[in-house]
Novice: 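One structure coming up, written as C-alpha coordinates, with questions to follow.
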Amino acid sequence: MIIERAGTDLAVRVLRVSEELERAVARQDVLSGGELKRVAAQVRQEDRDRYLVAHTVLRQELADRLGVRPADVELTRNPCPSCGGPHGRPGLSRGDGPYFSLSHTGDVVLLAFAGTPVGIDVEAPPLTTSVASVSRGLHPREQEELADLPREERATAFIRCWTRKEAYLKGVGVGIGGGVAEPYVSTLPRPGQPPGWRLTDLGADSLPAGYTAALAEKE
(Lines give C-alpha, C1' and ligand atoms only; values in the text may rest on other atoms or scores of the structure.)
Protein backbone atom coordinates (compact mmCIF):
# COMPACT_ATOMS: atom_id res chain seq x y z
CA MET A 1 0.00 0.00 0.00
CA ILE A 2 1.15 3.55 -0.77
CA ILE A 3 -0.18 6.51 1.21
CA GLU A 4 0.26 9.93 -0.42
CA ARG A 5 -0.87 13.43 0.50
CA ALA A 6 -2.30 15.47 -2.35
CA GLY A 7 -0.28 18.55 -3.22
CA THR A 8 2.90 17.29 -1.49
CA ASP A 9 5.72 14.87 -2.22
CA LEU A 10 4.98 12.85 0.93
CA ALA A 11 4.66 9.10 0.35
CA VAL A 12 4.46 6.22 2.83
CA ARG A 13 4.92 2.59 1.77
CA VAL A 14 3.24 -0.05 3.94
CA LEU A 15 4.82 -3.46 3.28
CA ARG A 16 4.20 -6.98 4.53
CA VAL A 17 7.45 -8.92 4.93
CA SER A 18 5.67 -12.17 4.10
CA GLU A 19 4.53 -10.72 0.76
CA GLU A 20 7.78 -8.99 -0.22
CA LEU A 21 10.44 -11.45 0.97
CA GLU A 22 10.76 -13.51 -2.21
CA ARG A 23 11.35 -10.38 -4.32
CA ALA A 24 13.79 -9.00 -1.74
CA VAL A 25 15.86 -12.20 -1.72
CA ALA A 26 16.02 -12.15 -5.50
CA ARG A 27 17.22 -8.53 -5.49
CA GLN A 28 19.58 -8.50 -2.52
CA ASP A 29 22.52 -7.81 -4.85
CA VAL A 30 21.45 -4.14 -4.83
CA LEU A 31 22.57 -3.88 -1.19
CA SER A 32 26.00 -2.57 -0.23
CA GLY A 33 28.62 -4.78 1.35
CA GLY A 34 27.92 -3.20 4.71
CA GLU A 35 24.20 -3.85 4.42
CA LEU A 36 24.78 -7.49 3.49
CA LYS A 37 27.02 -7.88 6.54
CA ARG A 38 24.26 -6.42 8.73
CA VAL A 39 21.78 -8.91 7.25
CA ALA A 40 24.12 -11.80 8.04
CA ALA A 41 24.79 -10.47 11.54
CA GLN A 42 21.13 -10.73 12.56
CA VAL A 43 20.71 -13.71 14.86
CA ARG A 44 17.05 -14.45 14.12
CA GLN A 45 15.74 -15.30 10.66
CA GLU A 46 12.76 -12.95 11.05
CA ASP A 47 15.14 -10.06 11.75
CA ARG A 48 17.16 -10.88 8.63
CA ASP A 49 13.97 -11.02 6.57
CA ARG A 50 12.71 -7.65 7.82
CA TYR A 51 16.05 -5.95 7.19
CA LEU A 52 16.29 -7.43 3.71
CA VAL A 53 12.80 -6.31 2.71
CA ALA A 54 13.18 -2.84 4.23
CA HIS A 55 16.50 -2.04 2.60
CA THR A 56 15.94 -3.52 -0.84
CA VAL A 57 12.66 -1.62 -1.20
CA LEU A 58 14.20 1.53 0.28
CA ARG A 59 16.97 1.47 -2.32
CA GLN A 60 14.48 0.90 -5.15
CA GLU A 61 12.25 3.77 -4.00
CA LEU A 62 15.19 6.15 -3.70
CA ALA A 63 16.59 5.02 -7.05
CA ASP A 64 13.26 5.75 -8.73
CA ARG A 65 13.30 9.27 -7.28
CA LEU A 66 16.94 9.93 -8.14
CA GLY A 67 17.00 8.32 -11.58
CA VAL A 68 19.85 5.93 -10.75
CA ARG A 69 20.28 2.20 -10.20
CA PRO A 70 19.36 0.93 -6.70
CA ALA A 71 22.93 -0.28 -6.14
CA ASP A 72 24.22 3.23 -6.92
CA VAL A 73 22.23 4.96 -4.16
CA GLU A 74 24.79 6.21 -1.65
CA LEU A 75 23.51 6.25 1.92
CA THR A 76 25.05 7.79 5.02
CA ARG A 77 24.31 8.78 8.59
CA ASN A 78 24.05 12.49 9.33
CA PRO A 79 25.72 13.87 12.47
CA CYS A 80 23.61 13.62 15.60
CA PRO A 81 22.23 17.12 16.34
CA SER A 82 22.76 16.55 20.08
CA CYS A 83 26.33 15.24 20.25
CA GLY A 84 27.66 15.44 16.70
CA GLY A 85 28.33 11.69 16.57
CA PRO A 86 27.87 9.68 13.34
CA HIS A 87 24.55 8.16 14.40
CA GLY A 88 22.01 10.79 13.37
CA ARG A 89 19.21 10.59 10.82
CA PRO A 90 19.97 8.35 7.80
CA GLY A 91 20.22 10.23 4.53
CA LEU A 92 21.82 10.45 1.12
CA SER A 93 25.57 10.98 0.87
CA ARG A 94 25.01 13.84 -1.56
CA GLY A 95 23.48 15.79 1.33
CA ASP A 96 20.01 16.71 0.12
CA GLY A 97 16.56 15.17 -0.37
CA PRO A 98 14.54 13.21 -0.77
CA TYR A 99 14.40 12.63 2.96
CA PHE A 100 13.33 9.22 4.23
CA SER A 101 12.68 7.15 7.32
CA LEU A 102 12.00 3.47 7.92
CA SER A 103 10.58 1.35 10.71
CA HIS A 104 9.72 -2.31 10.99
CA THR A 105 8.32 -4.81 13.46
CA GLY A 106 6.65 -8.19 13.14
CA ASP A 107 5.45 -8.64 9.56
CA VAL A 108 5.31 -4.91 8.78
CA VAL A 109 7.79 -2.47 7.23
CA LEU A 110 7.00 1.24 6.82
CA LEU A 111 8.98 3.59 4.59
CA ALA A 112 8.34 7.34 4.47
CA PHE A 113 9.65 9.80 1.85
CA ALA A 114 9.29 13.58 1.81
CA GLY A 115 10.89 16.82 0.65
CA THR A 116 11.70 17.79 4.26
CA PRO A 117 13.01 15.72 7.21
CA VAL A 118 10.59 12.97 8.16
CA GLY A 119 10.33 10.22 10.76
CA ILE A 120 8.10 7.17 11.00
CA ASP A 121 7.54 4.45 13.58
CA VAL A 122 5.41 1.31 13.76
CA GLU A 123 4.88 -0.86 16.80
CA ALA A 124 2.92 -3.92 17.85
CA PRO A 125 0.93 -3.80 21.10
CA PRO A 126 3.17 -3.97 24.19
CA LEU A 127 2.70 -6.29 27.11
CA THR A 128 0.65 -4.52 29.77
CA THR A 129 3.43 -5.16 32.30
CA SER A 130 5.88 -3.07 30.24
CA VAL A 131 3.69 0.04 30.17
CA ALA A 132 4.10 0.96 33.83
CA SER A 133 7.90 0.80 33.80
CA VAL A 134 8.55 2.47 30.42
CA SER A 135 5.94 5.20 30.89
CA ARG A 136 7.91 6.60 33.84
CA GLY A 137 10.26 8.16 31.30
CA LEU A 138 7.52 10.01 29.40
CA HIS A 139 6.66 13.69 29.67
CA PRO A 140 4.92 14.46 33.01
CA ARG A 141 1.66 15.38 31.24
CA GLU A 142 1.73 12.09 29.35
CA GLN A 143 2.27 10.19 32.60
CA GLU A 144 -0.71 12.00 34.12
CA GLU A 145 -2.89 11.18 31.12
CA LEU A 146 -2.05 7.49 31.41
CA ALA A 147 -2.70 7.47 35.15
CA ASP A 148 -6.16 8.96 34.58
CA LEU A 149 -7.18 6.16 32.22
CA PRO A 150 -8.72 2.82 33.24
CA ARG A 151 -5.99 0.20 33.45
CA GLU A 152 -7.31 -1.72 30.45
CA GLU A 153 -6.97 1.37 28.21
CA ARG A 154 -3.42 2.32 29.15
CA ALA A 155 -1.57 -0.02 26.80
CA THR A 156 -3.36 1.40 23.75
CA ALA A 157 -2.75 4.99 24.85
CA PHE A 158 0.88 4.27 25.66
CA ILE A 159 1.70 2.72 22.28
CA ARG A 160 -0.05 5.62 20.56
CA CYS A 161 2.21 8.03 22.43
CA TRP A 162 5.32 5.92 21.90
CA THR A 163 5.00 5.76 18.11
CA ARG A 164 4.54 9.55 17.96
CA LYS A 165 7.56 10.07 20.18
CA GLU A 166 9.79 7.72 18.18
CA ALA A 167 8.66 9.16 14.85
CA TYR A 168 9.52 12.69 16.00
CA LEU A 169 12.90 11.74 17.50
CA LYS A 170 13.83 9.81 14.35
CA GLY A 171 12.83 12.78 12.22
CA VAL A 172 15.01 15.11 14.28
CA GLY A 173 17.80 12.54 14.17
CA VAL A 174 18.48 12.01 17.87
CA GLY A 175 16.66 8.72 18.52
CA ILE A 176 15.56 7.62 21.98
CA GLY A 177 19.03 7.34 23.50
CA GLY A 178 18.66 10.73 25.17
CA GLY A 179 15.35 9.83 26.76
CA VAL A 180 11.70 10.18 25.79
CA ALA A 181 10.51 12.89 28.20
CA GLU A 182 10.54 15.55 25.49
CA PRO A 183 8.70 16.66 23.54
CA TYR A 184 5.10 16.36 24.68
CA VAL A 185 3.18 14.41 22.01
CA SER A 186 0.14 13.29 24.07
CA THR A 187 -1.29 9.86 24.82
CA LEU A 188 -4.76 11.09 23.79
CA PRO A 189 -6.39 10.43 20.40
CA ARG A 190 -5.24 13.79 19.01
CA PRO A 191 -1.43 14.11 18.77
CA GLY A 192 0.43 16.95 20.41
CA GLN A 193 2.35 19.06 17.89
CA PRO A 194 6.00 19.87 18.71
CA PRO A 195 7.08 23.30 17.40
CA GLY A 196 8.03 23.13 13.73
CA TRP A 197 6.74 19.58 13.25
CA ARG A 198 3.50 17.91 12.31
CA LEU A 199 2.58 14.58 13.90
CA THR A 200 0.01 12.30 12.29
CA ASP A 201 -1.29 8.92 13.40
CA LEU A 202 -1.65 6.43 10.55
CA GLY A 203 -5.24 5.23 10.39
CA ALA A 204 -6.20 1.67 11.18
CA ASP A 205 -7.33 1.29 7.57
CA SER A 206 -3.70 1.81 6.46
CA LEU A 207 -2.16 -0.86 8.69
CA PRO A 208 -2.57 -4.58 9.34
CA ALA A 209 -4.65 -5.35 12.42
CA GLY A 210 -2.78 -4.99 15.70
CA TYR A 211 -0.21 -2.41 14.57
CA THR A 212 0.08 1.28 15.50
CA ALA A 213 2.10 3.85 13.59
CA ALA A 214 2.82 7.57 13.48
CA LEU A 215 4.48 9.99 11.08
CA ALA A 216 6.47 13.14 11.89
CA GLU A 217 7.07 15.80 9.22
CA LYS A 218 9.18 18.93 9.54
CA GLU A 219 7.10 21.95 8.54
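Sequence positions, counted from 1, serve as the residue numbers for this chain. The figures here come from the full heavy-atom set of this structure, side chains too, leaving out hydrogens, waters and symmetry mates.
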Novice: Ignoring hydrogens, what is the shortest heavy-atom contact between Gly106 and Arg50? Give both atom names and the distance.
Specialist: O-NH1, 3.0 Å
Novice: Can a salt bridge be assigned to the pair Glu144 and Arg141 using a cut-off of 4.0 Å between side-chain N and carboxylate O?
Specialist: no
Novice: Go through Leu188 and Glu145 one step at a time and tell me if the side chain to side chain contact (heavy atoms under 4.5 Å, CB included) criterion holds.
Specialist: CA-CA 8 Å; Leu188 305 176; Glu145 291 166 359; 3.9 Å; yes
Novice: Quick one: list whatever passes ring-ring contact (aromatic ring centres under 6.0 Å, His included) with Phe100, sequence neighbours left out.
Specialist: none
Novice: Would you find a donor on one side and an acceptor on the other, under 3.5 Å apart, between the side chain of Glu142 and the backbone of Ser186?
Specialist: yes
Novice: So which heavy atom on Gln28 is nearest to which on Thr56, and how close?
Specialist: CA-CG2, 4.1 Å
Novice: Please name all residues satisfying ring-ring contact (aromatic ring centres under 6.0 Å, His included) with Tyr168, sequence neighbours left out, ordered by chain then number.
Specialist: Trp197
Novice: Any side-chain to backbone donor/acceptor pair from Arg13 onto Ala112? Under 3.5 Å, distance only.
Specialist: no
Novice: With no hydrogens and no angle check, is any side-chain donor or acceptor of Asp107 less than 3.5 Å from a backbone partner on Arg16?
Specialist: no
Novice: Looking at Arg160 and Asp201, does any basic side-chain N land under 4.0 Å from a carboxylate oxygen?
Specialist: no
Novice: Report the C-alpha separation of Thr212 and Thr156 in whole Å, then their side-chain angles, then the decisive distance to 0.1 Å, and conclude whether the side chain to side chain contact (heavy atoms under 4.5 Å, CB included) test is met.
Specialist: CA-CA 9 Å; Thr212 303; Thr156 298; over 6 Å; no
Novice: Drop me the distance from Leu21's CG to Asp49's CG, to the nearest 0.5 angstrom.
Specialist: 4.5 Å
Novice: Identify, with sequence neighbours excluded, every residue that meets ring-ring contact (aromatic ring centres under 6.0 Å, His included) alongside Tyr184.
Specialist: His139
Novice: Please answer whether the main-chain N or O of Thr116 pairs with a side-chain N or O of Lys218 as donor and acceptor at a distance below 3.5 Å.
Specialist: no
Novice: Between Arg154 (side chain) and Leu146 (backbone), is there a donor-acceptor pair under 3.5 Å?
Specialist: yes
Novice: Would Arg65 count as a cation-pi partner of Phe113, with NZ or CZ less than 6.0 Å from the six-membered ring centre and within 45° of the ring normal?
Specialist: yes
Novice: Any side-chain to backbone donor/acceptor pair from Glu20 onto Val17? Under 3.5 Å, distance only.
Specialist: no
Novice: Work out which heavy atom in Tyr51 is nearest to a heavy atom in Val39; give both atom names and the distance.
Specialist: CD2-CG2, 3.2 Å
Novice: Please find the pair of heavy atoms, one from Ala216 and one from Leu199, that lie closest to each other, and give the distance.
Specialist: CB-CD2, 3.5 Å
Novice: Measure the shortest side-chain to side-chain distance between Leu138 and Cys161 over non-hydrogen atoms and say whether it is less than 4.5 angstrom.
Specialist: yes
Novice: Is Arg198 salt-bridged to Glu219, going by a charged N under 4.0 Å from an acidic O?
Specialist: no
Novice: Indicate the atoms forming the closest heavy-atom contact of Ser101 with Gly119, along with that distance.
Specialist: OG-CA, 3.5 Å
Novice: Check whether more than 12 heavy atoms from other residues, nucleotides or ligands sit under 6.0 Å from atom CD of Glu74, and answer yes or no.
Specialist: no
Novice: Looking at every non-hydrogen atom in both residues, tell me the closest pair between Leu110 and Asp121 and how far apart they are.
Specialist: CD1-O, 4.4 Å
